[in-house]
Peer 1: 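Can you keep this structure in mind? I'll have questions shortly.
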Amino acid sequence: MHARGRRMTWRAALDATIVNGERQGLAGKSVLIALAAQFDAALAMLELDGVARRIVVVPPDFGADHLRSAIRQADVDVVLCDRGGFDVDPGTARVDVSEPAPDASPRPAPIETQWVLPTSGTTGEPKLVAHTLEGLAGAISAADDVSRVWGTFYDIRRYGGLQIFLRAAIGGAPLVIGDADELLSDHLSRLGELGVTHVSGTPSHWRRVLMSGEAARISPRYIRLSGEIADRAILDPLSAAYPEATIVHAYASTEAGVGFEVIDGREGFPARYLDGLAGVDMRIVNGSLHLRSERTASHYVGRGDLRLKDDEGFVDTDDLVEVSGDRCFFRGRRAGTINVGGLKVHPEEVEQIVNQHEAVRVSLVKRRRSPITGDLLVVDVVLTEAAGDDARQSGLRAEILANCRARLERHKIPAMVRFVPTLPMSAAGKLLRREA
């Protein structure tokens, strides 16, 4: 495993300790991992699986209020911290991590550890879901071997990044991870120097790579996208930039687990997937995709008021899907629907039309509230380098709107097109959706 300025073999990592001699004391406990560096978090996960009864894995941007809520919900006994890190409330023990060191002491008798992760997009009190390691690794096959060198733009404490961490650790393949303050160009340089063959990230991560002017620093033979809708506006440029690479987009969520992969290079997924895949059942209910498999989380932790699955074991993903011929297309999140004049608009559906223009790199549809006319649609657009000067851009607005009028119902046509240099991205690597 490689991080900036740090590296360790998987064997050495499994034989190491970073809990300052407290491993025996953590046996059977509920432990929250609140560490700044991905590298240390990875070592903690490897050390505590099979030792702690529960490990709560939170991303580094979790605020103090969210941490305290997670401690309460997950009945946390011990918080694993950096020295000088999170100030733990009285009643909860704290262990400061140490530099990794070999530990030949006997490990406690192994137990099954519950892995707890916060759902993505949390704005209020965090929702925590419980997984088993077997379920988390359910989509990892024996083909994930040491001939691959994995890299990821995700943080490994988020579901998408954790999947790549587990693929590498279980298969014994090298893994290159980043740091929160590392420049993209530096991260790409390290990925290239270490010979990554397989790289994962969200479509927004990959757009940043393509827009950086540094894309040639890596030469992957496999590209994996997840976390957002993969449309032609990202699939085609990736194919052009890396013509030798297999481009795969995967569907997964923290609650539903890994659902499926799409390997044909097209948007959406084949409708035949609804007839069932190996270990995964799918159906569309009121336009929303429902999944059932051994990879799904079992329940929400500490929230008896929330139900994760229906009576048949299906998880409602809240992702809206439309069947068209032999293909299913994602239209957006139910929770992100915008009401325009009493009619529903899915922002992602409009973005996919805007993104079809050859001069558009990426777009983001937002809601603007108006006390007179109600909600209006505003689309922020990042143009490609070939878009031209300001005079050309004036005509682009008209062309983009004309494309929308030709392909969308009237209430879905943006009231305003704004050209912007960049779009905000969340810590999870997804477009940040706010009101205009």
Side-chain angles (χ1 to χ4, degrees), residues 3-4 18-20 22 25-26 29-45 47-49 52-99 113-131 153-162 165 177-182 202 227 253-255 297 299-306 308 335 424-435:
R4 185 174 56 176
I18 65 165
V19 297
N20 229 350
E22 298 288 339
L26 296 177
K29 299 293 181 63
S30 176
V31 182
L32 185 144
I33 300 173
L35 301 173
Q38 290 193 73
F39 195 89
D40 289 334
L43 296 179
M45 288 187 281
E47 182 168 9
L48 295 180
D49 180 61
R53 68 177 173 86
R54 170 183 289 162
I55 55 175
V56 185
V57 183
V58 299
D61 59 329
F62 236 44
D65 289 342
H66 279 177
L67 283 168
R68 292 188 177 92
S69 177
I71 289 170
R72 175 180 52 79
Q73 291 183 61
D75 194 22
V76 169
D77 301 307
V78 181
V79 178
L80 198 59
C81 296
D82 301 298
R83 293 186 182 277
F86 177 59
D87 187 14
V88 177
D89 290 339
T92 304
R94 166 183 176 141
V95 170
D96 290 333
V97 296
S98 57
E99 285 297 315
T113 298
Q114 183 185 79
W115 291 57
V116 176
L117 306 170
T119 61
S120 61
T122 299
T123 53
E125 188 174 39
K127 292 190 292 185
L128 309 176
V129 292
H131 284 272
F153 298 112
Y154 278 110
D155 190 292
I156 62 171
R157 289 159 288 190
R158 302 184 189 277
Y159 187 86
L162 183 59
F165 169 70
I177 56 179
D179 286 312
D181 62 347
E182 186 174 19
T202 65
S253 73
T254 309
E255 298 95 323
H299 62 281
Y300 288 109
V301 174
R303 295 292 300 270
D305 58 318
L306 297 176
L308 182 67
M425 192 170 76
S426 72
K430 301 179 183 181
L431 288 178
L432 201 55
R433 298 186 177 276
R434 297 171 175 164
E435 291 188 7

Peer 1: Considering non-hydrogen atoms only, spot the tightest contact between Val301 and Val129 and give its length.
Peer 2: CG2-C, 4.2 Å
Peer 1: Measuring from atom OH of Tyr154 to atom OG1 of Thr202, what distance do you get when rounded to the nearest 0.5 angstrom?
Peer 2: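 Those atoms lie 5.5 Å apart.
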Peer 1: Between Ala44 and Leu35, which heavy-atom pair has the shortest distance, and what is it?
Peer 2: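 Looking at all heavy atoms of both residues, the closest pair is CB-CD1, 4.2 Å.
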Peer 1: For the atom pair NZ (Lys29) and CG (Leu48), what is the distance rounded to the nearest 0.5 Å?
Peer 2: 12.0 Å
Peer 1: At their closest point, which heavy atom of Ala41 faces which heavy atom of Arg157, and how far apart are they?
Peer 2: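 In terms of heavy atoms, the two residues are closest at CB-CD, 3.6 Å.
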Peer 1: Can you tell me how far the CZ atom of Arg4 sits from the CD atom of Gln38, to the nearest 0.5 Å?
Peer 2: 11.0 Å
Peer 1: Would you name the heavy atoms of His131 and Thr254 that are closest together and state the gap between them?
Peer 2: NE2-O, 2.7 Å
Peer 1: Nearest 0.5 angstrom please: Asp40 CG to Leu80 CG, how far?
Peer 2: 9.0 Å
Peer 1: Return yes if some donor-acceptor pair links the side-chain N/O of Thr92 with the main-chain N/O of Val79 below 3.5 Å, else return no.
Peer 2: no
Peer 1: With heavy-atom distances below 4.5 Å as the criterion, would you say the side chains of Phe165 and Ile177 are in contact?
Peer 2: no
Peer 1: Can you name the side-chain hydrogen bond (donor to acceptor under 3.5 Å, both in side chains) partners of Asp77, sequence neighbours left out?
Peer 2: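 None.
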Peer 1: Can you tell me how far apart CG (Leu26) and CD1 (Ile55) are? Round to the nearest 0.5 Å.
Peer 2: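 It is 11.5 Å, given to the nearest 0.5 Å.
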Peer 1: From His299 NE2 over to Leu128 CG, what is the distance, rounded to the nearest 0.5 angstrom?
Peer 2: 10.0 Å
Peer 1: Using every non-hydrogen atom in the two residues, find where Met45 and Ile156 come nearest and quote the distance to one decimal.
Peer 2: CE-CD1, 4.0 Å
Peer 1: For Arg303, give me all partners under side chain to side chain contact (heavy atoms under 4.5 Å, CB included), at least two apart in sequence or on another chain.
Peer 2: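 Here the qualifying residues are Gln73, Glu125, Lys127, Tyr300, Asp305, Leu306.
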Peer 1: Where do Val57 and Pro118 come nearest, in terms of heavy atoms and distance?
Peer 2: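 Taking Val57 first and Pro118 second, the nearest heavy atoms are O-CD, 3.1 Å.
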Peer 1: Output all residues satisfying side-chain hydrogen bond (donor to acceptor under 3.5 Å, both in side chains) with Glu22, sequence neighbours left out; order by chain, then residue number.
Peer 2: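 Partners of Glu22 by the side-chain hydrogen bond (donor to acceptor under 3.5 Å, both in side chains) criterion come out as none, since no residue qualifies.
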Peer 1: Are any side-chain N or O atoms of Glu255 and backbone N or O atoms of Leu308, one a donor and one an acceptor, separated by less than 3.5 Å?
Peer 2: no
